[in-house]
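Just below is one structure, and these are the notes that go with it.
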Amino acid sequence: MPTAMSAVDETDAQAELARFRLLANNLPVLIAAYETSTNACLFANRQYAEAFGWTETSLLGVHFAEVIGAEAAALIQPHIDRLLSTRQAVLYERRVPADDGQNERWIEVNLLPQLGEDGEVLATFVLISDITRHRLAERAARESEERLGKFMQASLEGIVFHREGLITDANPPACELLGYGLEELLGRSTLSFIAPEAVPKVQQVIRSREETRYESVLLHKSGAHIPVEFIVRSMMFGGELQRMTIIRDLRDRLEAQARIHHLAHHDALTGLPNRMAFMEHLQRCCAEALDHGETLAMLFLDLDNFKRVNDSLGHLEGDVLLRTVAQRLTGALRATDRVARFGGDEFVLLLRPVQGRVQVDGVARRLLADVEQPVLAGGRPLSVTPSIGIALFPEQAGSPEQLIQRADMAMYQAKALGRANHQFFDASTAALALDELVLESQLSHGLSHDEFVLHFQPQLQIADGRLVGAEALIRWQHPIRGLLTPESFIGVAEQLRLMLPLGEWILREAARCARRWHDNGLAAVPVAVNLSSMQFRLEGFAASVARILAEEGVPGEWLELELTERMLMDDLPLMRKTLIELKALGLQISVDDFGTGHTLLSHLTQLPIDKLKVDRQFVEALPDDAGALAITRAIVQMARGLGFTVIAEGVQNRAQQELLAQWGCQQIQGLALGGPLPVAEFEAWVAQRVWPVLG
């Protein structure tokens, strides 16, 4: 029976050992037991044995120093001695090289004594845990806190740490922003530094613990409100989970935004609202006027002849004048009125509300008087006058845009009536302006779609009737109104500067016709082209003519340029310079409509002119009108005396031809000889006649 019991006990012991080994082999620690007297290994789990290059069975009985190495054993011996002397567990950490030899690992070692009945240490259990991950995490946390601490001190933005709304730390910029020292902030509620109107939002963020970004308002120690942006995050600091708030001062940004907004809505020169800001204001005012049954008055003001100020005194003095006008307009208005600069020398004024035309008329008269007061510019007093157009809302306009448009139309009417006055919008005047606007659009379309043509009128030698020239006369083949003469559109073209491209087209087309006639021997005569005043005054006009001649392959001798007598009254030195440049190209120069202006004879003698053209109003009155007789004869005789060729236009009958020939006139043109003809008909007319031609 005892033997059987021993077998059972042994079986139980083996089962117990197997369970212990199973447990030990599945724990994330290295476990071993060493006998105290021999330092021989009594037990090791699989992890321990494999860590030192053994197996669980091969390690049994091996000396401690042989397992871990003599050097490591020497380092550990003091801990074993302490366990033996105190008979208590010993816990320590060690740094050991990693398997790759590059990095270190941290292990935590627990030495547990197995005591006998007499209290002596029979064996020592060794439990080794790899705590590298924990130590690295702790190191990273320490380094992170150190970096954060350095960042807090170096950051230009305020940083505050708080726990449950109580401040635990703050950097110098935060202290400076609030006006407190750090010792005054620690332990105080963050809400005590928030403006009352911003407290609810801050409370909500603190309660929700959300990580967010939002704008708020701080209270400075002085009581001043400071607009800021909060960037809120949760993080470990000082070993505790705290809330970090980065504080960005928004004052500079908001001031910059305010400046940008001001610049976007105001004129940089005068400080007045600009077109965009004024239109936004006008939209609101018109809507309110309709709701409340009010009347608004729009005044469109333009300075008369302001370009002359810039041209004579320079743009700096012109800017002084514009600023002064802006100040005077602002000073003349009520608080409910608004003035804006629309661009250049144009201003718009909105009067709201007004009681009727009488009140508006009084304001306009006062503005006229205020603006024309002298301004010191260039060291001397300078006066400018305004022209003012007025339109009423809703009486004369159904929308803000129409209100401005009609005030603008009225302003042009004021200029047409002599400037320095004011005019209310008139529907009949507007209709004329609309016609001009439509004509402007049609002129541009006509230029781009080849709707213009040249007609040609022959010029004959009075002595023998031979062809000596052809005058090019522009016509507009209007798609709706038919063939239009220059009287229908030249005035609008000159006013809108469309005369410049139109004049270049005439020159180029005349040059092409002259080349074709010379090349085929049809009419080797010069083609005369009328110049507009705007075209002739254009800077570099002679160079543009030279360019056209070169591009079309035409010598200057094949063209003749006609200037009106009034154009000779302009700047004589500039006139002479331009004419000399044109003569150098070989062109002939003639003066058209002579006798209708007031040209000084001294001008004629100083300019390189080839021909004078007697105006048709005198020729057509011959021979019955005594005044026309005297004037025409005087012009012819004077021109011959000065060495000019004389041509008379408007010749209608034989009697006029004979009289002109008797006085010495060399050339004539008119309906009696042949009217203006389309190019094909002119060429056919020339081809049907036999006469000597100029070579």
Side-chain angles (χ1 to χ4, degrees), residues 399 401-402 405-406 408-409 412-413 416 425-458 470-517 520 522-523 527-536 538 541 544-545 547-548 551-552 554 559 561-562 564 592-593 616 649-650 669-671 674-687:
S399 68
E401 293 77 15
Q402 190 178 55
Q405 180 189 50
R406 293 192 166 180
D408 189 16
M409 290 179 179
Y412 278 106
Q413 179 66 11
F425 171 77
D426 180 82
S428 59
T429 302
L432 293 175
L434 181 60
D435 289 342
E436 286 193 357
L437 188 63
V438 171
L439 188 60
E440 173 190 355
S441 174
Q442 293 176 342
L443 276 169
S444 299
H445 182 275
L447 269 172
S448 61
H449 288 75
D450 298 324
E451 293 177 2
F452 291 93
V453 296
L454 289 183
H455 285 197
F456 295 91
Q457 186 171 27
E471 181 178 5
L473 300 167
I474 190 169
R475 299 291 187 265
W476 183 5
Q477 190 62 55
H478 195 282
I480 299 175
R481 298 167 61 185
L483 191 67
L484 301 181
T485 58
E487 294 79 9
S488 304
F489 58 86
I490 288 296
V492 175
E494 289 182 338
Q495 180 181 349
L496 301 170
R497 298 187 67 83
L498 288 172
M499 197 62 229
L500 297 179
L502 189 58
E504 180 170 331
W505 178 86
I506 295 172
L507 272 173
R508 190 178 296 278
E509 190 66 21
R512 290 172 179 171
C513 290
R515 185 185 63 192
R516 185 170 68 252
W517 297 341
N520 60 26
L522 177 70
V527 177
V529 176
N530 293 280
L531 295 180
S532 72
S533 177
M534 176 186 297
Q535 186 181 15
F536 185 71
L538 185 67
F541 172 67
S544 68
V545 173
R547 173 176 52 81
I548 292 173
E551 291 174 354
E552 300 301 332
V554 173
L559 287 182
L561 301 183
E562 294 189 2
T564 64
D592 194 13
D593 300 333
R616 70 174 60 249
E649 62 177 342
Q669 73 179 85
L671 295 178
L677 297 171
V679 61
E681 295 182 23
F682 176 79
E683 292 173 352
W685 183 86
V686 173

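Source: prediction; values computed, not measured. Heads up: numbering here begins at 1 and tracks the sequence.
Atom-to-atom distance recorded for E562:CD and E471:CD is 4.5 Å, nearest 0.5 angstrom. Distance check: F452 CZ to R475 CZ gives 12.0 Å after rounding to the nearest 0.5 Å.
Residues that satisfy the side chain to side chain donor-acceptor pair (under 3.5 Å) test with D408, not counting sequence neighbours, are absent from this structure. Taking E451 as the reference, H445, W476 meet the side chain to side chain donor-acceptor pair (under 3.5 Å) condition, with sequence neighbours excluded. A search for side chain to side chain donor-acceptor pair (under 3.5 Å) contacts involving H478 returns Q442, not counting sequence neighbours.
Residue L671 comes nearest to Q457 through the heavy atom pair N-NE2, 4.1 Å, listed as atom of the first residue, atom of the second, then distance. Between F489 and L484, the shortest heavy-atom contact is CE2-O, 3.6 Å. Contact record, E504 with I548: CG-CD1, 3.6 Å, taken as the closest heavy-atom pair. Across P458 and G674, no two heavy atoms sit closer than the pair CD-O, 3.6 Å.
Checking I490, L531, L538 one by one against M499, the side-chain contact (heavy atoms from CB on, under 4.5 Å) holds for a single residue, I490.
Counting heavy atoms from C-beta outward, W505 and L454 have side chains that approach closer than 4.5 Å. Counting only heavy atoms from C-beta outward, the side chains of E649 and D593 approach each other to under 4.5 Å. W517 has its side chain within reach of V679: a pair of non-hydrogen atoms, C-beta onward, lies under 4.5 Å apart. Between S444 and L498 there is a side-chain heavy-atom pair separated by less than 4.5 Å. A 4.5 Å side-chain heavy-atom check between N530 and I474 finds every atom pair outside the cut-off.
Listed for the R515 side chain is a donor-acceptor partner under 3.5 Å among the backbone atoms of E552.
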